[in-house]
Chemist: 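Take a look at this one; I'll ask things after.
A note on names: the letters A, B, ... follow the listed sequences, proteins ahead of strands, and every chain is numbered from 1. Computed over heavy atoms, backbone and side chain alike; hydrogens, waters and symmetry mates excluded.
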Amino acid sequence: MVNKRLIINEKWCKGCGICVAFCPKQVLVLKKGKVTKANPDACIKCGQCEQRCPDYAIYLEKVEEGAN
Amino acid sequence: MASELINNTMRLRNLPHIWCPGCGNGILMRDVAQAITNLGLDRDKVVIVSGIGCSSRAAGYMNYNTLHTTHGRAIAFATGIKMAKPELTVIVITGDGDSSAIGGNHLIHAARRNIDLTVVVFNNNIYGMTGGQFSPTTPTGSFATTAPYGSIDRTFDLPTLAMGAGATYAARGSAYHVPQTTKLIQDGIAHKGFALIDCMAVCPTYYGRKNKKGDAVKMMTWQKENVVLKAKADTMTPEELEGKAVIGCFRNEPEVPEYTAEYTKLIERLKKA
Ligand SMILES: Cc1ncc(C[n+]2csc(CCOP(=O)(O)OP(=O)(O)O)c2C)c(N)n1
Ligand code: SF4
Ligand SMILES: [Mg+2]
């Protein structure tokens, strides 16, 4: 199974809040105008945030088996 | 630092883009990149042509052959490219103003000829770049800097306009509905003939603010709650569809002769004569 990791690129985040609003598991919050993972363990790696981030600032990255 | 898709399709040195926080254009530009990627097209055989407007800035970010032209003329430039090199896949990214106000004539004639272009409209129902003037797709009654008492104009429905002019593929997508819109763009690119995909964008800065639609999240939530897929809409009554927006493919007619193919045939015929 391919594992996935949720990555945030703070430099590109403009704090619009779209990912926060449409994450089905309330993983994300805005802190000082940037998205952060408030509840990372709840993430189901669905990619809803990545699909709708207008700034490409949040995405799932494939990780090799064994890495975290 | 970006996803595989963004790394493979965008000019990273030009990112982050200039669009406002929550602007739908970024989502739609990603849909176009995903559609091209899904089709497995060779980057060197893809051309992105845009006009002028916030939406048209997309040509600067996408890592293909790109041409950022003049206001309203993207389809005219794209027609020239396709006539000179029919083997290229030519995609126009344009705004509602760019494609249907100043550029409306190019749009209808490209549709009439059925030339193999894919026109993706980032339709935010306003002139974003110049500060919020109304466009041919601004809903009647909506406010704009040039409609301080509400617009009295009736609107263009872009897929209907394109079909009326002869387009052989016409569809509508929306910023919220990413997989559906990506597929509609993908099918439009694969279609051999004129294709238009009207993509509902969100402009929180001008359309949203002028019309008290709330922030980007609120505008996206409106799409989530009020956009109906065509298959579902076909089973609904006009009363049930009141105030809703329908996305999906409205026409896909692959058998109609395509313009550059006909032109090539003409050249072959005259060579023999
Ligand atoms: C010939 C010409 N006329 C007018 C303008 C000014 N102008 C620039 S963008 C624009 C409208 C853009 O609206 P739209 O195509 O909907 O793009 P958006 O910015 O909303 O994405 C206008 C009128 C121009 N650049 N060139
Ligand atoms: S003005 Fe509107 S369309 Fe232009 S970048 Fe800002 S939100 Fe997007
Ligand atoms: Mg516009």
Chemist: Based on non-hydrogen pairs under 4.5 Å, which of B:Ser3, B:Pro179, B:Pro204, B:Pro21 is most in contact with chain A?
Modeler: B:Ser3
Chemist: Is any side-chain heavy atom of A:Tyr59 closer than 4.5 Å to a side-chain heavy atom of B:Glu4?
Modeler: no
Chemist: Got a sec: does the OH of B:Tyr64 have more than 12 other heavy atoms crowding it under 6.0 Å?
Modeler: yes
Chemist: Just checking heavy atoms, which of residues 37-54 of chain A are less than 4.5 Å from chain B?
Modeler: A:Glu50, A:Gln51, A:Arg52, A:Cys53, A:Pro54
Chemist: What part of A:Ile7 lies closer than 4.5 angstrom to a heavy atom of chain B: side chain, backbone, both or neither?
Modeler: side chain
Chemist: Residue by residue, scan residues 217-225 of chain B and write down, ordered by number, those that have a heavy-atom distance under 4.5 Å to chain A; if none do, write 'none'.
Modeler: B:Val217, B:Met220, B:Thr221, B:Lys224
Chemist: Do any of residues 13-22 of chain A come closer than 4.5 Å to chain B, heavy atom to heavy atom, and if so which ones, in number order?
Modeler: A:Lys14, A:Cys16, A:Gly17, A:Ile18, A:Ala21, A:Phe22
Chemist: Need one label for B:Leu15: side chain, backbone, both or neither, based on atoms under 4.5 Å from any heavy atom in chain A.
Modeler: both
Chemist: Could you name the residues of residues 23-39 of chain B that have a heavy atom within less than 4.5 Å of a heavy atom in chain A?
Modeler: B:Cys23, B:Gly26, B:Ile27, B:Met29, B:Arg30
Chemist: Is there a side-chain contact between B:Met10 and A:Tyr56 in this structure, where contact means two heavy atoms from C-beta onward sitting under 4.5 Å apart?
Modeler: yes
